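Just so it is clear, the model here is predicted, and its values are computed rather than measured. The residues of the chain are indexed from 1 along the displayed sequence. Whatever order the structure lists them in is the order used to number ligands and atoms, beginning at 1. Heavy-atom basis, side chains included; hydrogens, waters and symmetry copies ignored.
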Amino acid sequence: MFVHRSREWDLPETAATPESLALNRRAALAAMGSAALGFGTIAEASAQTPITMPAYSAQAMRFAPGRAITPIKNAETYNNFYEFGLSKDIWRAAQKLPLEPWTIRIDGQVEKPFTISFDDLMKKVKTETRVYRHRCVEAWSLVIPWQGFAMSELVKLAKPTARAKYLKFTSLADHSVMPGLNIPFFPWPYHEGLTMAEAMNELAFIGTGMYHQPLPKQDGAPIRLVLPWKYGFKSAKSLVHIEFVETQPKTFWQQTSPDMYGFWANVNPKFPTLRWSQARERVIGTDQVIPTVIYNGYAQYVASLYAGLPQNKKLFM
Ligand SMILES: Nc1nc2c(c(=O)[nH]1)N[C@H]1C(S)=C(S)[C@@H](COP(=O)(O)O)O[C@H]1N2
Ligand SMILES: [Mo]
């Protein structure tokens, strides 16, 4: 089966292509100065580097990414968006994603189901910037300055009933622009899920921009999930439907490969994926490989969500 070699779950930790390494090294050199911005204060950064790049406020940095912001070039050209193909290099193909009009359906266990345009939704929420780490189950990571809003704001707008226990998120599936939908075997459209408690957690975020620009198409324009304590595949892109449901929804990857992926998918270096380790991660845009941290370093915010659950592999796959 041709997809077998390039599917996400078959990639070992070391599966960087020569192309991606070359790009990373070039981009890292180009961004040497600006990368320092990830750490210091605005004053320090501007003293150290002549590069003009938007700095990030203490408020945006409050979840302390602890390492440099990924150069924008890398974040925009090294992607997973299987609707547009299985390679990391889908950014050109993704430019066909039609953004207007974009509407989002909110239904299920809510007081009154509704459909809202992306533009109207943006008028109802308070946007902010948050710099978060992003850890893919393929053992690479990024640090991204997102713009967007707290998922709790969306939950409040939706007015879920007492019966709502989970949220199910569905991505756009448009056969006219997404060749990946023709790949057999995947349970399109891409869909993901969270518990209500997870959605209300302060880290749970809805991304609508990055690096002070609207979200690039390849990164899930115009609206996507950003769940930094979970493997990247939980953060579904280009959302068109959010449903409040009573029972735990089956997710895209769980249906694709139930022996490898589950509902929770919380980051944990101690639990390898079936064929490769999760102990370390390649930091995209650098030559570094660093240890992975439980809950991707966000345990202080999210560990309590899982205190009542068995602390076994299921919570971390
Ligand atoms: N609809 C959709 N959402 C998706 C994916 C996808 O293929 N389709 N890939 C996921 C995976 S595996 C990762 S690691 C992140 C990648 O986000 P990025 O390309 O913005 O870094 O998006 C996630 N969201
Ligand atoms: Mo991923």
Can you give me every donor-acceptor pair (side chain of residues 160-169, partner residue at least two apart or in another chain, under 3.5 Å) with its distance?
| from | atom 1 | to | atom 2 | distance (Å) |
| --- | --- | --- | --- | --- |
| T161 | OG1 | Q109 | OE1 | 3.2 |
| T161 | OG1 | R163 | N | 3.3 |
| K165 | NZ | A162 | O | 3.0 |

Short list, please: which atoms of ligand 1 are under 4.0 Å from a heavy atom of [X]?
X    : value
D219 : 18 (P), 19 (O), 20 (O)
S171 : 1 (N)
Y82  : 6 (C), 7 (O)
A236 : 3 (N), 24 (N)
R224 : 15 (C), 17 (O), 18 (P), 20 (O), 22 (O)
C136 : 14 (S)
N79  : 18 (P), 19 (O), 20 (O)
L142 : 21 (O)

Looking only at distances, can you tell me whether any N or O atom of [X], backbone or side chain, sits closer than 3.5 Å to an N or O atom of ligand 1?
X    : value
W253 : no
N80  : yes
Q218 : no

Exercise. Got a salt bridge between E198 and K230, using NZ or NE/NH1/NH2 to carboxylate O under 4.0 Å?
Worked result: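 Answer for the salt bridge query: yes.
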Exercise. Regarding R224 and the six-membered ring of F205, is the cationic atom NZ or CZ under 6.0 Å from the ring centre and inside 45° of its axis?
Worked result: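 No.
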Exercise. Nearest 0.5 Å, what's the NZ-CG distance between K96 and D174?
Worked result: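 It comes to 11.5 Å.
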Exercise. Which heavy-atom pair separates M317 from P258 by the least distance, and what is that distance?
Worked result: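 Smallest interatomic distance, heavy atoms only, reads CE-O, 3.7 Å.
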Problem set entry | Nearest heavy-atom neighbours spanning Y231 and F316 |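 Smallest heavy-atom distance, with atoms named: CE1-O, 3.9 Å.
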For this session: State, with a plain yes or no, whether a side-chain heavy atom of F84 is found less than 4.5 Å away from one of L97.
Result: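 Sidechains of L97 and F84: in contact.
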Exercise. Under 4.0 Å from ligand 1, counting heavy atoms only, is it the side chain of Y190, its backbone, both or neither?
Worked result: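 For Y190, only side-chain atoms sit under 4.0 Å from ligand 1.
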Problem set entry | Heavy-atom nearest neighbour of atom 16 (C) of ligand 1 within options K234, H134, E138, R135 |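 Minimum heavy-atom distance to atom 16 (C) of ligand 1 goes to H134.
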For this session: Out of A94, S238, G180, G232, indicate the one that has the non-hydrogen atom closest to atom 23 (C) of ligand 1.
Result: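 Looking at heavy atoms only, the winner is G232.
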Exercise. Should the pair Y301 and F63 be assigned to parallel (<30°), tilted (30 to 60°) or perpendicular (>60°) ring geometry?
Worked result: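 If you compare the ring of Y301 with that of F63, the planes turn out perpendicular.
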Exercise. Can you name the one residue among Q254, K250, E192 that meets side-chain contact (heavy atoms from CB on, under 4.5 Å) with F263?
Worked result: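 Result: among Q254, K250, E192, Q254 is the only option passing the side-chain contact (heavy atoms from CB on, under 4.5 Å) with F263.
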